[in-house]
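Quick notes on the structure that follows.
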Amino acid sequence: MSKILAEQLLAGIILGDNDNQEYIYLPGGEVGSDTPCCIFESKSGRQDLPLEKAVEQVKRLHLKPVTHPEMGRRSY
C-alpha cells in the first residue's frame with residue numbers, strides 16, 4: 001500500500017478523474033476510525049472501500065488530487 005496515497009486520503013484530499021467522473025475520498029465521519037472506509041464514486045454509483053482497497057483502486061485508475069463537482073478539493 002502506498003503510504004503517500006493513504007495519507008492523502010486520510011487528510012481529506014479527494015483523488016479522482018474529472019473526465020471519467022471517478023472519485024475516491026474519505027468521509028469526515030471516518031476520521032480517526034481504526035478501520036477507515038473510503039467512498040468510490042463513479043457514474044454507476046457509490047461503493048464503500050476499506051482504505052487499503054481504496055489505495056489500490058487509486059493506483060489502478062491513476063487518480064490524482066482533483067476538485068469534486070459538489071465537495072470541492074477536500075471531503076471534510
Side-chain angles (χ1 to χ4, degrees):
M1 178 170 77
S2 169
K3 189 151 180 93
I4 293 172
L5 293 174
E7 291 298 323
Q8 285 181 322
L9 288 168
L10 290 170
I13 295 172
I14 298 171
L15 303 174
D17 179 350
N18 285 329
D19 293 336
N20 293 320
Q21 297 177 351
E22 296 173 326
Y23 307 95
I24 294 182
Y25 54 89
L26 182 77
E30 293 292 318
V31 175
S33 171
D34 291 337
T35 55
C37 191
C38 296
I39 302 291
F40 173 59
E41 187 178 309
S42 66
K43 294 176 189 175
S44 59
R46 293 181 182 179
Q47 176 183 0
D48 291 344
L49 294 175
L51 182 61
E52 295 81 20
K53 297 276 186 196
V55 169
E56 289 174 20
Q57 189 82 331
V58 167
K59 291 191 315 190
R60 188 175 72 74
L61 297 173
H62 303 286
L63 304 179
K64 305 289 181 207
V66 295
T67 301
H68 188 279
E70 295 173 10
M71 292 186 281
R73 300 191 61 79
R74 293 192 172 256
S75 61
Y76 59 90

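Sequence positions, counted from 1, serve as the residue numbers for this chain. Every value quoted in this text rests on a predicted model; they were computed, and no experiment measured them.
- In this structure, CD in Glu22 is found 11.5 Å from NE2 in His62, a value given to the nearest 0.5 Å.
- A chain of hydrophobic side-chain contacts below 4.5 Å, direct or via other Ile, Leu, Val, Met, Phe, Trp or Tyr residues, connects Ile39 to Met71.
- In terms of heavy-atom proximity, Pro36 sits nearest to Leu10 at CG-CD2, 4.0 Å.
- Between the side chain of Ser75 and the backbone N or O of Leu26 there is at least one donor-acceptor pair closer than 3.5 Å.
- One distance of note links CD of Gln47 with CD1 of Ile24; it measures 9.0 Å at 0.5 Å rounding.
- Closest approach of Cys38 to Pro27, counting heavy atoms only: CA-CD, 4.3 Å.
- Note that the NE2 atom of His68 and the CD atom of Gln21 stand 9.5 Å from one another [nearest 0.5 Å].
- Residue Cys37 comes nearest to Glu30 through the heavy atom pair N-OE1, 3.1 Å, listed as atom of the first residue, atom of the second, then distance.
- A heavy-atom distance below 4.5 Å is not found between the side chains of Arg74 and Tyr25.
- Distance check: Leu9 CG to Leu15 CG gives 4.5 Å after rounding to the nearest 0.5 Å.
- Contact check for Pro65 versus Ile14: no side-chain heavy atoms found under the 4.5 Å cut-off.
- A distance-only check finds no donor-acceptor pair linking the side chain of Glu41 to the backbone of Tyr23 [under 3.5 Å].
- Contacts of Asp48 classified as side-chain hydrogen bond (donor to acceptor under 3.5 Å, both in side chains), with partners at least two apart in sequence or in another chain: none.
- In this structure, the side chains of Asp17 and Val66 stay at 4.5 Å or more apart for every pair of heavy atoms.
- Counting heavy atoms from C-beta outward, Leu63 and Leu5 have side chains that stay 4.5 Å or more apart.
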